[in-house]
Amino acid sequence: MMFATKRLGKELIKIQQSLPPGIDFVSAPDFKQWEMDIRVLDANPLYLDQTYRLRFRFSTNYPIEAPEVTFIPLSQPLRTIPIHPHIYSNGIICLDLLGTQGWSPVQNVESVCMSLQSMLTGNTKNERPPGDEEFVRRNTQRPRDIRFVYEDSTV
């Protein structure tokens with residue numbers, strides 16, 4: 001955990017000093033879990049005036065291993081999980097960047113937030129992934145343990 005703690009400490013200092021537009025730091029009570037808010041900055045009608053909360057969970061192998069990142073719903077003020085072909089209704093995100101094959105230790109919390117912001121910005125489909133209801137009902141794995149098949153890079 002020593003390396004992960006050192007790396008996350010540096011990231012936290014940088015995040016508290018400045019972040020790109022549409023990305024806000026919420027909390028980091030420890031070096032195991034952080035929360036960030038993201039907003040889509042263009043006029044994409046699917047996400048206009050919406051703020052979405054992300055939960056980052058870090059293992060002791062971070063940054064060698066990707067963080068577990070999910071969207072989380074909040075009731076005050078009302079925030080939902082964004083509707084997107086790669087985001088399940090329980091907040092699990094199907095994105096190669098967050099998987100074993102797509103992750104690189106040069107990535108960080110800020111770059112993951114920017115990638116998700118970009119993913120939402122470019123989306124034109126107001127739909128969930130195929131099989132969303134079944135996946136949400138039956139999945140018992142943590143997001144990092146799910147073996148997604150990345151077939152569609154157009155959304």
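Between L98 and V112 the shortest heavy-atom distance is CD2-CG1, 4.0 Å. Closest non-hydrogen pair, A4 versus S59, comes out as CB-O, 3.9 Å. I38 approaches Q117 most closely through the heavy-atom pair CD1-N, 4.1 Å. Pairing each heavy atom of E11 with each of V109, the nearest pair is OE1-N, 2.9 Å. Residues L120 and P82 come closest through the heavy atom pair CD2-CB, 3.9 Å. In this structure, L54 and C113 approach most closely via the heavy-atom pair CD1-SG, 4.0 Å.
Expressed to the nearest 0.5 Å, how far NE2 of H86 lies from CG of N123 amounts to 9.0 Å. Distance NZ/K14 to CD/E110: 3.5 Å, rounded to 0.5 Å. Separating the CD1 atom in I81 from the OG1 atom in T70 is a distance of 7.5 Å, to the nearest 0.5 Å. Note that CG of L12 is 10.0 Å distant from CD of Q17, once rounded to the nearest 0.5 Å. Going from atom CD of E68 over to atom OH of Y62 covers 14.0 Å, rounded to the nearest 0.5 Å.
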>> Applying salt bridge (charged side-chain N to carboxylate O under 4.0 Å, His left out) to R39 and D24, what does each step give before you reach the verdict?
In response: CA-CA 9 Å; R39 292 180 314 285; D24 296 305; 2.6 Å; yes
> Between I92 and F135, does a side chain to side chain contact (heavy atoms under 4.5 Å, CB included) hold up when you go through it step by step?
Replying inline: CA-CA 10 Å; I92 291 178; F135 173 84; 4.0 Å; yes
> Should M114 and I23 be marked as a side chain to side chain contact (heavy atoms under 4.5 Å, CB included) after you check the CA-CA gap, both sets of side-chain angles, and the distance that decides it?
Replying inline: CA-CA 8 Å; M114 290 172 62; I23 301 173; 3.5 Å; yes
>> Applying side chain to side chain contact (heavy atoms under 4.5 Å, CB included) to M36 and F56, what does each step give before you reach the verdict?
In response: CA-CA 8 Å; M36 304 287 291; F56 285 75; 3.8 Å; yes
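Checking side-chain atoms of R128 against main-chain N and O of I87 turns up a donor-acceptor pair under 3.5 Å. Looking at W103, its side chain does come within 3.5 Å of a backbone N or O of P63 through a donor-acceptor pair. Using a distance-only test at 3.5 Å, with no hydrogens or angles considered, no donor-acceptor pair links the side chain of N61 to the main chain of I64. In terms of modelled atom types and a separation under 3.5 Å, the side chain of D132 and the main chain of S89 share a donor-acceptor contact. Between the side chain of R53 and the backbone N or O of T80, no donor-acceptor pair lies under 3.5 Å. Judged by distance alone, the side chain of E65 and the main-chain N or O of P105 form no donor-acceptor pair under 3.5 Å. Side-chain atoms of N44 come within 3.5 Å of backbone N or O of T121 as a donor-acceptor pair. When atom types are taken as modelled, the side chain of S115 and the backbone of S111 share a donor-acceptor pair closer than 3.5 angstrom. Listed for the Q33 side chain is no donor-acceptor partner under 3.5 Å among the backbone atoms of R55.
Using a 30° and 60° split on the angle between ring planes, Y47 and Y52 fall in the perpendicular class, above 60°. Between W34 and F31, the ring planes lie tilted relative to each other; the angle falls in the 30° to 60° range.
Cluster membership check: I93 does not share its hydrophobic cluster with I83, using side-chain heavy-atom separations under 4.5 Å among Ile, Leu, Val, Met, Phe, Trp and Tyr.
Open room surrounds CZ on R138; 12 or fewer heavy atoms of other groups in view lie less than 6.0 Å from it. Counting heavy-atom neighbours within 6.0 Å of E134 CD, excluding the residue itself, gives a total above 12.
Between L46 and L48, every side-chain heavy-atom pair lies at or beyond the 4.5 Å cut-off.
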